[in-house]
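Reminder, nothing fancy here: chain letters follow the sequence lines and each chain counts from 1. Treat the numbers as computed from the prediction; the structure is a model and nothing was measured.
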Amino acid sequence: MTPEEAVAEQERLRPLVRPVADPDLDVRYAAGLDVGYAADDRLAAAVVVLDATTLETVDTAVVLGRAEFPYLPGLFAFRELPPLLRALERLDVTPDLLVCDGQGLAHPRRFGLACHLGVVTGLPSVGVAKTPMGRFDPPGPERGASTDLVDGGEVVGRALRTRAGVKPVFVSVGHLVDLDRACAEVLRLCADFRLPETTRRADALGRRQLE
DNA sequence: GCGACAG
DNA sequence: ATCTTGTCGC
C-alpha cells in the first residue's frame, strides 16, 4: 500500500467514526494496546485487558511480527494496526473500550489510530497520546484538570492532567464515546502514574517479548 | 517557501 | 519507536 492509498483509506473510513456517547456503554473491561520495536524490523503487538474498576489484569495477548509500513506522521495506524488486530483476535475477553497509544480525532484528517481501530473492530475506543497534535494551554496542576486541545480551529481533544504536577496526556475520542467520557475513563485507569495502566502494561508486555 | 509532524 | 523506569531536587 502506498502512502497515497493509505490517505484514501482514511478518507473512506472517516465518515464511519461515531464520536458520540453510547448511553448503554458500561466499561467493565478496558484494553490497552501498544506496539514495541526491536533494533531490527521485529515488533511485538500487545494487548492487556484490565478490570476497569480493580485494575486487575484479566487477559493478555501478544503477536510477534515485522514492520510492513514505515512510520509516517498521519499514517501511524498503517504501521501498528495490522499486528494489533491480530493480537485482539487472540483475546478471550472482549473489551468494552480500547485505549490506544496515539491520537484519535486529534489527527490532520481526524482519523488517528484510535478512530481506525474503533471503526474496524466496532468497539468503543479512545486515544491517549504522550505528545499533542494541536495547541493547548497548560491545565491546572491538580489531577483531573484539563484544557482543550485545538487544531485547525476546532477542539479535537483534551490535555488531561492524570497526576498532580506532571505533564498532561492528550486524550481524543476514537469511536463510540464522547470526550467527557473518554477523559473520565482514562483518569480512572491512571492509578499511580502519568499513563493509564492499560498502556503501561501493554508496553511492558510487548517489550518483554522482544528480549 | 519553511517548519512541524502520534509512534 | 529505541536508549533502563520513575522520581526527586536544583
TODO: Take atom NZ of K167(A) and atom P of dT7(C), then tell me their distance rounded to the nearest Å.
DONE: 15 Å

Open item on the list: Counting the atoms with a prime plus P, OP1 and OP2 as sugar-phosphate, which does R163(A) contact under 4.0 Å by heavy atoms, base, sugar-phosphate, or nothing?
Closed with: sugar-phosphate

Open item on the list: Between R110(A) and D151(A), does any NZ, NE, NH1 or NH2 come within less than 4.0 Å of an OD or OE carboxylate oxygen?
Closed with: yes

Task: P82(A) to A77(A) - nearest heavy-atom pair and separation - done: CD-O, 3.8 Å

Open item on the list: Between R207(A) and E211(A), does any side-chain N to carboxylate O distance fall below 4.0 Å?
Closed with: no

Open item on the list: Any side-chain N or O of R207(A) below 4.0 angstrom from OP1/OP2 of dT2(C)?
Closed with: yes

- [ ] Whole angstrom is fine here: how far is it from CZ in R135(A) over to P in dA6(B)?
- [x] 17 Å

- [ ] Measure from the side-chain N and O atoms of D59(A) to the backbone N and O of V49(A), and report whether any donor-acceptor pair falls under 3.5 Å.
- [x] no

Open item on the list: With a 4.0 Å cut-off on N to O distance, would you call D180(A) and R158(A) a salt bridge?
Closed with: yes

- [ ] Rounded to the nearest angstrom, tell me the gap between atom NE2 in H116(A) and atom P in dG7(B).
- [x] 18 Å

Open item on the list: Using OP1 and OP2 only, check whether a side-chain N or O of T131(A) sits under 4.0 Å from dG7(B).
Closed with: yes

Task: Below 4.0 Å: OP1/OP2 of dG7(B) and any side-chain N or O of Y37(A) - done: no

TODO: Please state how far atom CG in L72(A) lies from atom P in dA6(B), giving the value in whole angstrom units.
DONE: 11 Å

- [ ] To the nearest Å, give me how far apart NE2 (H107(A)) and C1' (dC5(B)) are.
- [x] 10 Å

Task: Length of the CZ-P vector between R79(A) and dA1(C), whole Å - done: 11 Å

Open item on the list: Ring centres within less than 5.5 Å and planes less than 30° apart: is that true of F193(A) and dG6(C) in this structure?
Closed with: no

Open item on the list: When you measure from the side-chain N and O atoms of K130(A) to the phosphate of dA6(B), is any distance below 4.0 Å, counting only OP1 and OP2?
Closed with: no

Open item on the list: Base, sugar-phosphate or nothing for G74(A)? Non-hydrogen atoms, less than 4.0 Å.
Closed with: base

Open item on the list: Could you tell me how far apart E197(A) (CD) and dG6(C) (P) are, to the nearest whole angstrom?
Closed with: 10 Å

- [ ] Tell me what D203(A) touches on the nucleic acid: a base, only sugar-phosphate, or nothing, going by heavy atoms under 4.0 Å.
- [x] nothing

TODO: Nearest whole angstrom, please: distance from the C1' of dA1(C) to the CD of E68(A).
DONE: 17 Å

Task: Between dG6(C) and dG7(B) - P atom distance, rounded Å - done: 15 Å

Open item on the list: Can you check the distance between dT5(C) and dG9(C), where both ends of the measurement are the P atom (answer in whole Å)?
Closed with: 22 Å

TODO: Scan L43(A) against the nucleic acid and name what it touches under 4.0 Å (heavy atoms): base, sugar-phosphate only, or nothing.
DONE: nothing

TODO: Tell me what L75(A) touches on the nucleic acid: a base, only sugar-phosphate, or nothing, going by heavy atoms under 4.0 Å.
DONE: base

